[in-house]
There are 2 protein chains.
Amino acid sequence: MARHRDYTKIEQIFESTLKLVLEKGFAGLKMAEVAKEANLATGTVYIYFKDKDDLINQLYLFLKRRKTILFLQGIDQKEDFDLVLKKIWFAYFEVTMQHVNESAFLEQYYRSPFLKSNVKEESKQILKPIYDLLERGVKEGKLHSVNVEILLSQIVGPIHEMIRAYHDGAVEINAETMNQLYQLVMRGIKA
Amino acid sequence: MARHRDYTKIEQIFESTLKLVLEKGFAGLKMAEVAKEANLATGTVYIYFKDKDDLINQLYLFLKRRKTILFLQGIDQKEDFDLVLKKIWFAYFEVTMQHVNESAFLEQYYRSPFLKSNVKEESKQILKPIYDLLERGVKEGKLHSVNVEILLSQIVGPIHEMIRAYHDGAVEINAETMNQLYQLVMRGIKA
DNA sequence: AAAATTAATGAACAATTATTCAATCATCCA
DNA sequence: TGGATGATTGAATAATTGTTCATTAATTTT
């Protein structure tokens, strides 16, 4: 054995890539710039990633997984339905907010043909806990009995839209505005 | 005067560009392919557009304007509030649906740094009629009195989300599902 | 401490692709 | 009809940028 790979470099590269994609988009992403931003030589990036395509797909998965973990922290599906729903709604909002940049990347990527189908599959899993919860709500008669996808649209749609508005500087987000939106959404779906 | 420019070529070029962007994303868009797809020589594209960047920005505006026009057809703000709201909600849904591809392009572009700020400004105008209507609704006491951005998030967010789900093959969209979503949304915002 | 091994470097190279432009073609006007 | 004008062409060129690899540096083992 000799010198070891320094796997912390992978995260450095991820951070640099994320930063550059957000600044200049996929089309403007250059491997040389990624390396420079991460204080590495161009060739080093190729030690840790097969090629540019691989780098972008890995980054997507990395961010998606990180978001999922954050988002599920402290959620216990065994608790009272209304409480879990509230917790999960706010958790989703807050995590998406606190990682606006990552979320923007994920959205941009989701719409792009870089996305490999297996990656897309994994990415759907993030909403699974919400999905399950909604089914439970319908069964328990706590939610209106419509297709779960419809309920889901009503739940995460406004969050995404509000964050987009925030991103455009059109609205402020604080405890009050979050609560107001929550009230509107719940009034809609609760039976 | 001699031979005239054939401005119908512009639309040919737009259609080709749209098709290719949807297939391969911004990063994969090649001027030579755009030209070929439009049955033109590469150089011809440069007669009608300054460069690649110009082409993409023009395309964005073209699609945005087309969508706006379609979407506002048959809306008369002088009619009864509830009726206008219903018409406008369904019109927005249907136009977004019937032009899923264009909408996907617009979303992808919106998140990308290609977007010039003046273009972004113009693009905000598309929601102006909904915006105005919501303000009227609040004044007339027909809607809950919260920030209009919050109401807007609740109105268009679920539509975008549902269409995304449809795009992923997760849900069917028909008169019934549309109506169900409409009921949920309205139950939330109406006073 | 020196040899062995592998990471890291970054200039050079190979592809790829945007853009140009000399030559050609189509249309208009006298 | 013929010359003038400007549109169109697409191969050639200019840029850009992904990837490689000979060389150097760092770490481990003997």
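In this text the structure is predicted, and so the values were computed from the model without any measurement. Computed over heavy atoms, backbone and side chain alike; hydrogens, waters and symmetry mates excluded. Letters A, B, ... are given to chains in the order of the sequence lines, protein chains preceding strands, and every chain is numbered from 1.
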Any A/Lys9 side-chain N or O less than 4.0 Å from OP1/OP2 of C/dA7: no

Rounded to whole Å, NE2 of B/His4 lies from P of D/dT8 at a distance of 11 Å

*At under 4.0 Å between heavy atoms, what does B/Tyr48 touch on the DNA or RNA strands: base, sugar-phosphate, or nothing?*
sugar-phosphate

Could you list the donor-acceptor pairs under 3.5 angstrom formed by side chains in residues 25-39 of chain A, with sequence neighbours left out?
from, atom 1, to, atom 2, distance (Å)
A/Glu33, OE1, A/Lys24, NZ, 3.1
A/Glu37, OE2, A/Lys19, NZ, 3.0

Here the distance between atom P of C/dT6 and atom OH of A/Tyr7, to the nearest Å, is 12 Å

Sorted by chain and number, sequence neighbours left out, side-chain hydrogen bond (donor to acceptor under 3.5 Å, both in side chains) with B/Arg65 holds for B/Glu122

Which side-chain N or O atoms in residues 42-49 of chain A pair as donor and acceptor under 3.5 Å with protein atoms at least two apart or in another chain?
from, atom 1, to, atom 2, distance (Å)
A/Thr44, OG1, A/Ala41, O, 3.4
A/Tyr48, OH, A/Asp6, N, 3.0
A/Tyr48, OH, A/Asp6, O, 3.4

Taken to the nearest whole Å, CG/B/Asp6 to P/D/dT9 is 10 Å

Sequence neighbours excluded, the answer for salt bridge (Lys or Arg N to Asp or Glu O under 4.0 Å) partners of A/Lys87 is A/Glu79

note: A/Lys36, atom NZ; D/dT19, atom P; distance rounded to Å ~ 20 Å

In whole angstroms, the gap separating C1' of C/dA7 from CD1 of A/Ile13 amounts to 12 Å

Under a 4.0 Å heavy-atom criterion, the protein footprint on nucleotides 11-25 of chain C, written with B, S and -, is ------SSBB----B

Whole-Å distance, B/Arg5 CZ to D/dG6 P, equals 11 Å

Please tabulate, for side-chain N and O atoms in residues 181-191 of chain B, each donor-acceptor pair with protein atoms closer than 3.5 Å (sequence neighbours left out).
from, atom 1, to, atom 2, distance (Å)
B/Arg187, NE, A/His144, NE2, 3.2
B/Arg187, NE, A/Gly188, O, 3.1
B/Arg187, NH2, A/His144, NE2, 3.2
B/Arg187, NH2, A/Gly188, O, 3.4
B/Lys190, NZ, B/Asp82, OD1, 2.8

In B/Leu134, B/Leu143, B/Asp132, the residue satisfying side chain to side chain contact (heavy atoms under 4.5 Å, CB included) with B/Val148 is B/Leu134

